[in-house]
Amino acid sequence: MLVLVVNAGSSSLKSQLIQTDGKISLMRCLAEKVGAADARMSISYAPEFHKATYGVAGLSVAECLAKLLDIICDDPESPISGLDQIEAIGNRIVAGGEYFTKTALIDDASWENLLRCEELAPLHNPAADECIAMTRRLLPNTPQAAVFDTAFHQTMPPKAYMYPIPYRYYEDYAIRRYGAHGTSHRYAAQQAANLLGRPLRDLGLITCHLGNGGSITAVNHGKSIDTTMGFTPLEGLMMGTRSGSIDPAIITYIMRRDGIDYDEMERILNCDSGIKGIAGGSSDMRDVLQQAAAGDERANLAIDMYVYRIQKAIGSYYAAMTRTDAVVMTAGIGENSADLRERIFAGLAHMGMILDKERNRVEGAIGMNRIISIDDSPIRICVVTTDEEMRIARETDNLVSMM
Ligand code: ADP
């Protein structure tokens, strides 16, 4: 089945055309820094994947997708010449709330529920929904699936997913921890099990998805038992523009002091905080690492805080599990930044997570799943390339094939 996968991020669009029969990717697209003046979109085709780059300044994530569809229908090198050749569309959705516990077909009923979930992930769900609305218009007869980041975390026990606030908020408003990045954590855990040559059900893993957004999950015997993101993807780690966990009293204090409303406060916590809030400029880790290297104190502080909060989360999940066999690093920062991995694990050796500095920095290793701890490290450290798109394509195929 030829599946178009649409993965709309907060400031990015990742899309692939995947032939699920052979698990082959035929087209890859990545739009980065969407919304910024220097936003770019690269498109490449199998087998060589030579990238052509397009400027997409001023376009929204959905408009980038529309541009991508135009380009791949016209480009003689593209594997398709018309949208009717796409057999199904798989959409990554960050938050499924209480409405979705597994991958769902998108029809009028589920569409209503998708819209209701937008407030749970205000940076992500609206962008994904705009993409779905657009592709439903352009390809009205093509089946579409929604693959949820929250589904993998449905195995968390109540002691992990409940918040210590009056119980009626759970009963009346379904306020509980849902987690996010589930597709990535599940895939990273499976890849780590393959690397370690042991069945996933025998392992205790701490999976770290570190991108613009970030979350860490305790994966015990293949199941998520706890994760840092909560009711929304705002909780947990410090992120590119999101605060992560802070004292909740700060929020009401600032609102009172500055006289700002709920929407403005939410925007500050989601868009102006995290790395950007501390370093004062870019939220992109590559930029902030450069600023820090040039001696910028605030950039250095942002990185110190970012690293420290990751170390504390890894430590807390070591305590939450009955065994820890490996820590798994994935996503933009986890896969690509040897510097940050070195800083994170420099503080964790006493827990038995001992990085091999040379293996961590092997040239040309980017994009390769590998173990980067020393041979006799009690807990292994793995780097795996996240392939959310392949998983989404396969889940979409499974669901659509059952129709
Ligand atoms: P998203 O959460 O939007 O899917 P990604 O997983 O693509 O994001 O991660 C994006 C982040 O990864 C950005 O902060 C980017 O700066 C960072 N990143 C990518 N490559 C590197 C690198 N070589 N060194 C440090 N950070 C990197």
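Note that ligands are numbered from 1 as they come in the structure, with each ligand's atoms numbered from 1 the same way.
Distance from atom 18 (N) of ligand 1 to its nearest protein heavy atom, with residue and atom name: G332 O, 3.7 Å. For atom 17 (C) of ligand 1, the nearest protein heavy atom (residue, atom name, distance) is I333 CG1, 3.5 Å. In this structure, the protein non-hydrogen atom closest to atom 14 (O) of ligand 1 is M285 N, 3.0 Å. At the top of the distance list for atom 22 (C) of ligand 1, counting protein heavy atoms only, stands N336 CB, 3.6 Å. Annotation: atom 4 (O) of ligand 1 to nearest protein heavy atom, K14 NZ, 3.1 Å. With respect to atom 27 (C) of ligand 1, the closest heavy atom belonging to the protein is R286 CG, 3.6 Å. Scanning the protein heavy atoms around atom 24 (N) of ligand 1, the nearest turns out to be S337 CB, 3.6 Å.
Formation of a donor-acceptor pair under 3.5 Å by the S110 side chain with backbone atoms of L105 is found in this model.
In this structure, R176 forms no cation-pi arrangement with F231, as its terminal cationic atom is not both closer than 6.0 Å to the ring centre and no more than 45° off the ring axis. Both tests do not hold together for R116 against W111: distance to the six-membered ring centre under 6.0 Å, angle to the ring axis within 45°.
At under 3.5 Å, a nitrogen or oxygen of N212, whether backbone or side chain, sits near a nitrogen or oxygen of ligand 1. Note: an N/O pair closer than 3.5 Å links D284 and ligand 1 by distance alone. Remark: ligand 1 and G211 share no N or O pair separated by less than 3.5 Å (distance only, no angle test).
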Test log, rule side-chain hydrogen bond (donor to acceptor under 3.5 Å, both in side chains), inputs Q291 and D287: CA-CA 6 Å; Q291 280 169 248; D287 298 341; over 6 Å; no

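Taking the six-membered ring where the residue is Trp, F148 and F100 present parallel rings, their angle staying beneath 30° rather than reaching 60°. The aromatic rings of H209 and H181 lie parallel to each other, with less than 30° between the two planes, well short of the 60° mark.
Within ligand 1, the atoms closer than 4.0 Å to a non-hydrogen atom of S12 are 3 (O), numbered from 1 in the order shown. Taking every heavy atom of A331 and a limit of under 4.0 angstrom, the matching atoms of ligand 1 come to 6 (O). Each of the following atoms of ligand 1 lies closer than 4.0 Å to a heavy atom of L289: 25 (C). Here is the list of ligand 1 atoms found below 4.0 Å of a heavy atom in G213: 2 (O).
Using modelled atom types and a 3.5 Å distance limit, the side chains of E388 and S184 yield no donor-acceptor pair. Side chains of Q85 and S81: a donor-acceptor N/O pair is present below 3.5 angstrom, by distance only.
With sequence neighbours left out, the salt bridge (charged side-chain N to carboxylate O under 4.0 Å, His left out) criterion links R177 to D226, E235.
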